[in-house]
Amino acid sequence: MDADFLANWTTQMRKGLLELCVLAALKARRMYGYDIVKHLSAIDGLVMGEGTIYPILSRFKKDGLVETTLAESSEGPARKYYQLTPRGRQLLGKMLAAWAEVRDGIEAVTTEPLL
Amino acid sequence: MTQTSADLGLSAAAEARLAEYLVQVRAALTGVPDVSPDEVEADIREHVENELRTAIRPVALFVLEAVLKRLGPPTQWLPAGRAAPPAEVPSLLGYLRHRARGVVGALWRGPEDWRLPYLSFAVFALGVVAFPLFPLFLIVSYFLSRAGIAVAKEKQIPIDAGRKWLLYPPVVIVGLVLLLGLTLLAPLGVTIAVCGNAVDADQQERWELAGQSGLAPRFRDNTALMKRYPAVVTTLDRLLIRFPGNRTTKEVGGALFVGAGAFAAWGAVIGLLGARFPGSVRAVFDPLCGPFEGRGAGRVGLTCLLLLAVWCGFAVRILVDAGLV
């Protein structure tokens with residue numbers, strides 16, 4: 001029971017945070033989808049399956065948070081690069097602010113001594 | 001962007017496994033309206049291609065399995081808070097769309113890829129059998145081959161040895177004919193025309209200088225009039241005076257000199273045109289000329305231009321010696 005609950009809770013938490021991380025990865029520059037996956041997969045405990053990121057990118061694109069551009073690649077076919085739209089950038093700012101608030105709140109709660 | 005699994009160089013077992021995985025991807029994403037299954041499938045294919053870039057071909061099943069394992073089960077890909085759809089086929093429309101995509105994919109991956117190559121080769125072979133009509137069949141098979149090569153490029157299907165044997169014969173023949181025609185026909189034609197006219201004009205001039213009127217009689221032997229009027233010196237005689245040997249050798253030398261000038265001038269023209277429009281050269285001779293760039297053609301053009309300048313120097317000297325300048 002505890003194990004199931006923990007697994008489900010961890011999965012849901014990661015999914016929520018992963019969306020923030022995908023947007024944050026694109027904050028500074030446009031990125032190739034595969035590179036986003038590899039970049040985020042390198043963070044321990046964040047990505048459960050590399051494939052998880054692609055539906056998020058697809059959804060963000062449909063929601064107008066990211067846009068894609070095709071760029072020629074010397075290694076094969078043209079590559080699809082993702083970049084933040086102004087709306088995505090604005091949302092990322094709000095999400096980061098919300099995350100900081102939550103993180104500080106959690107920090108405060110979890111550092112209280114156990115009774 | 002989307003590639004067929006045939007492009008990934010997968011073994012049959014691995015190809016079947018990837019197809020199965022992609023079906024799972026589509027099933028998992030059905031019912032998630034804000035995600036495009038087509039786009040995700042294309043991304044997954046690109047991901048797999050990147051992961052397998054250095055793998056030994058054909059890619060074995062266990063190698064692909066490792067990649068799919070890292071991608072994770074598609075059932076986990078739903079956004080946070082979304083429940084997975086029921087395992088059964090979600091809707092008749094979705095099922096039909098899925099089947100239709102399968103059929104299209106199978107057609108592209110399957111023998112249909114070979115349709116144009118086989119058609120081109122069949123027309124070419126038919127032309128060989130019906131020989132008098134060969135040029136007509138050759139032209140048709142040439143365009144079919146070019147279409148087949150273009151399709152293969154567009155679909156990023158490698159043109160392997162089998163396809164080359166089917167597609168290349170008409171392309172090679174037409175390419176060679178075009179190449180020879182472009183490089184040889186014009187200067188050869190000019191040389192033959194100039195030399196023919198020079199001989200005719202020489203006979204007429206000799207006839208008139210000998211005090212005869214009207215048109216000079218035509219002789220099979222060009223030197224017949226010379227033998228009849230040995231004292232007469234024509235413009236051509238004076239022009240050929242710088243060339244060594246007897247009369248025949250001088251005429252051959254003169255013809256070669258004219259030919260050299262024509263080839264140098266034509267080489268300069270097509271070389272500089274090739275340098276200016278390398279894309280057109282690639283389009284005409286694709287895929288035989290490979291990564292043709294204008295630099296090589298430019299070098300040929302400039303060399304020919306230099307040779308033409310040297311040729312002009314000799315030509316002026318010949319004209320001066322002949323008293324024509």
K.L.:
Just wondering, more than 12 heavy atoms not from Lys27(A) lying within 6.0 Å of its NZ?
P.N.:
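At most 12 heavy atoms, drawn from other residues, nucleotides or ligands, come within 6.0 Å of this atom.
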K.L.:
Under 3.5 Å, side chain of Ser58(A) to main-chain N/O of Ser36(B), donor-acceptor pair present?
P.N.:
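Answer holds: yes.
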K.L.:
Glu49(B) and Tyr34(A): side-chain donor and acceptor closer than 3.5 Å?
P.N.:
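Distance-only check fails for Glu49(B) and Tyr34(A).
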K.L.:
Name the region of Val37(A), side chain, backbone, both or neither, that has any atom closer than 4.5 Å to a heavy atom of chain B.
P.N.:
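Only the side chain of Val37(A) comes within 4.5 Å of chain B.
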K.L.:
Can you tell which of Ile44(B), Val25(B), Leu29(B) makes a side-chain contact (heavy atoms from CB on, under 4.5 Å) with Pro55(A)?
P.N.:
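The residue from Ile44(B), Val25(B), Leu29(B) that satisfies side-chain contact (heavy atoms from CB on, under 4.5 Å) with Pro55(A) turns out to be Leu29(B).
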K.L.:
Is there a side chain to side chain contact (heavy atoms under 4.5 Å, CB included) between His47(B) and Tyr54(A) once you walk through the steps?
P.N.:
CA-CA 10 Å; His47(B) 182 98; Tyr54(A) 293 115; 2.7 Å; yes
K.L.:
Please output the residues of residues 61-72 of chain B in contact with chain A, using a heavy-atom cutoff of under 4.5 Å, in numerical order.
P.N.:
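Near chain A, by residue number: Arg70(B), Leu71(B), Gly72(B).
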K.L.:
Suppose we screen for side chain to side chain donor-acceptor pair (under 3.5 Å). Which residues come up paired with Arg53(B), at least two apart in sequence or across chains?
P.N.:
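Residues passing side chain to side chain donor-acceptor pair (under 3.5 Å) with Arg53(B): Asn50(B).
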K.L.:
Pair Lys80(A), Glu39(B) - check side chain to side chain contact (heavy atoms under 4.5 Å, CB included), show working.
P.N.:
CA-CA 11 Å; Lys80(A) 187 166 64 179; Glu39(B) 196 167 42; 3.2 Å; yes
